[in-house]
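Following: one structure in structure tokens, then a few remarks.
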Amino acid sequence: MQNHSNSFESTFQIINGRKLYDFKNCLTYIEKQGKIRYGYSFKIDQQDLPTLYKLLIYAIKDENNAAKANIDLHKGILLSGPIGCGKTSIMQLIKPFFVKAAEYKIKTCREISFEFAKNGYEALAPYTEKSNYQPKLPGYCFDDLGAEQQIKHFGNDCNVMAEILITRYEHFVANQSITHITTNLSASEIEKLYGNRLRSRMRSLFNLITFEANARDKR
């Protein structure tokens, strides 16, 4: 654990109490941790660098470069790209760059749909409700939006992720609760699956960051 911390801190320079990042060192850190977590064959492709740059300036809340990249630091991330391009692994590997208040857990949409099938609407509570002492909902990255199935619980149909995202949108408006998503769906496919009502809210909820359409399958 100590080695992990030292490696992470080495990606930053401290000048007058302000953290300034070195993009090359950040990439070195991400690739090193990727090899530890996913195997020695893990590597960062050159064509993915613009995507990683945007994710990193979002994570460390670099206001100047975020503005230049048209990234709203008050919204979440919708990370889109073809199957196997590394969306999930990258969202996992950039987590250490986020401050504690912006931490998030990663949960697959498919797993959530199965939780609903087993436990009904109470299964949605961890993602849609907060306790009285919490200022906002806990951070989540919902992985692989669109892979979940339309699930029934005792005969009741529920578009589980639509319910969760609409509720989290309401909390975003009320208390700036942040949500992240990974998906390989296009905007039109999202609208077809979840309806125009959700799609319009997603524009307010998320910054769209994409991998190239021809990104290499890394699995």
Side-chain angles (χ1 to χ4, degrees), residues 30 33-34 37-39 41-42 44-45 47-48 51-52 54-55 58-59 75-98 102-119 121 123-128 137-153 157-169 172 177-199 201-219:
I30 290 172
Q33 296 303 315
R37 179 178 285 268
Y38 301 111
S41 62
F42 179 91
I44 295 173
D45 287 355
Q47 70 176 149
D48 296 339
T51 302
L52 283 167
K54 291 178 181 178
L55 290 170
Y58 174 86
K75 296 181 180 181
I77 294 295
L78 194 163
L79 184 59
S80 176
I83 295 172
C85 68
K87 299 181 293 295
T88 306
S89 58
I90 290 302
M91 288 303 291
Q92 183 68 50
L93 291 170
I94 66 168
K95 285 174 71 175
F97 291 89
F98 286 77
E103 288 178 347
Y104 57 87
K105 297 178 182 178
I106 298 178
K107 189 80 172 184
T108 68
C109 297
R110 189 167 179 266
E111 186 177 0
I112 293 172
S113 69
F114 289 143
E115 290 174 350
F116 174 80
K118 181 179 179 180
N119 299 314
Y121 283 93
L124 308 188
Y127 320 110
T128 59
L137 293 175
Y140 271 98
C141 174
F142 298 114
D143 185 39
D144 209 4
L145 182 72
E148 78 281 2
Q149 302 173 2
Q150 186 81 0
I151 296 293
K152 287 187 177 183
H153 178 71
D157 277 312
C158 179
N159 193 323
V160 174
M161 291 312 303
E163 288 290 328
I164 289 174
L165 291 174
I166 287 173
T167 301
R168 290 185 70 92
Y169 167 79
F172 168 74
S177 295
I178 294 296
T179 306
H180 309 298
I181 281 176
T182 72
T183 187
N184 54 47
L185 298 178
S186 66
S188 60
E189 289 171 330
I190 289 174
E191 183 170 352
K192 183 177 180 180
L193 279 176
Y194 302 102
N196 183 62
R197 179 175 172 232
L198 177 58
R199 182 183 172 186
R201 283 158 174 75
M202 289 176 74
R203 296 189 187 100
S204 300
L205 272 172
F206 301 115
N207 296 284
L208 176 61
I209 297 179
T210 62
F211 282 90
E212 295 289 339
N214 63 343
R216 178 176 64 88
D217 189 333
K218 303 174 182 68
R219 294 174 300 178

Looking only at heavy atoms, which two atoms of [X] and [Y] are closest? And how far apart?
X      : Y      : answer
Ile77  : His180 : N-ND1, 2.9 Å
Phe211 : Pro82  : CB-CD, 4.4 Å
Pro138 : Pro126 : CG-O, 3.9 Å
Ser113 : Val160 : CA-CG2, 4.4 Å
Asn207 : Lys75  : ND2-CB, 3.5 Å
Ile178 : Gly76  : CG2-CA, 3.8 Å

Is the closest side-chain donor-acceptor distance between [X] and [Y] under 3.5 Å?
X      : Y      : value
Glu115 : Tyr127 : yes
Thr179 : Arg168 : yes
Thr88  : Asp143 : yes

Atom pair [atom1]/[atom2] of [X] and [Y] - distance to nearest 0.5 Å:
X      : Y      : atom1 : atom2 : result
Leu198 : Arg203 : CG    : CZ    : 10.5 Å
Ile90  : Ile209 : CD1   : CD1   : 12.0 Å
Leu79  : Thr182 : CG    : OG1   : 6.5 Å
Ser188 : Arg199 : OG    : CZ    : 7.0 Å
Asn159 : Leu165 : CG    : CG    : 9.0 Å
Tyr169 : Ser177 : OH    : OG    : 13.0 Å

Beyond-backbone contact of Asp144 with Asn184, side-chain heavy atoms, under 4.5 angstrom: yes
Could you check Ile164 against Ile112 for side-chain contact (heavy atoms from CB on, under 4.5 Å), going step by step and ending with a plain yes or no? CA-CA 10 Å; Ile164 289 174; Ile112 293 172; 3.6 Å; yes
Should Tyr104 and Tyr140 be marked as a ring pair (Phe, Tyr, Trp, His ring centres under 6.0 Å) after you check the CA-CA gap, both sets of side-chain angles, and the distance that decides it? CA-CA 5 Å; Tyr104 57 87; Tyr140 271 98; 9.4 Å; no
Are Met91 and Ile94 close enough, and set up right, to give a side-chain contact (heavy atoms from CB on, under 4.5 Å), and what steps lead you there? CA-CA 6 Å; Met91 288 303 291; Ile94 66 168; 4.1 Å; yes
Test item: [X] side-chain N/O and [Y] main-chain N/O as donor-acceptor pair under 3.5 Å:
X      : Y      : value
Lys105 : Phe142 : no
Tyr38  : Gln33  : no
Tyr194 : Gly146 : yes
Thr51  : Thr210 : yes
Lys87  : Gly81  : yes

Picking from Thr183, Thr108, Leu193, what satisfies side chain to side chain contact (heavy atoms under 4.5 Å, CB included) with Leu145?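 Per the side chain to side chain contact (heavy atoms under 4.5 Å, CB included) rule, the option paired with Leu145 is Thr183, out of Thr183, Thr108, Leu193.
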Starting from the C-alpha separation in whole Å, work towards a yes-or-no answer on side-chain contact (heavy atoms from CB on, under 4.5 Å) for Leu208 and Ser80. CA-CA 7 Å; Leu208 176 61; Ser80 176; 4.0 Å; yes
Using a strict cut-off of less than 4.0 Å between a Lys/Arg side-chain nitrogen and an Asp/Glu carboxylate oxygen, indicate whether Arg197 and Glu191 qualify as a salt bridge. no
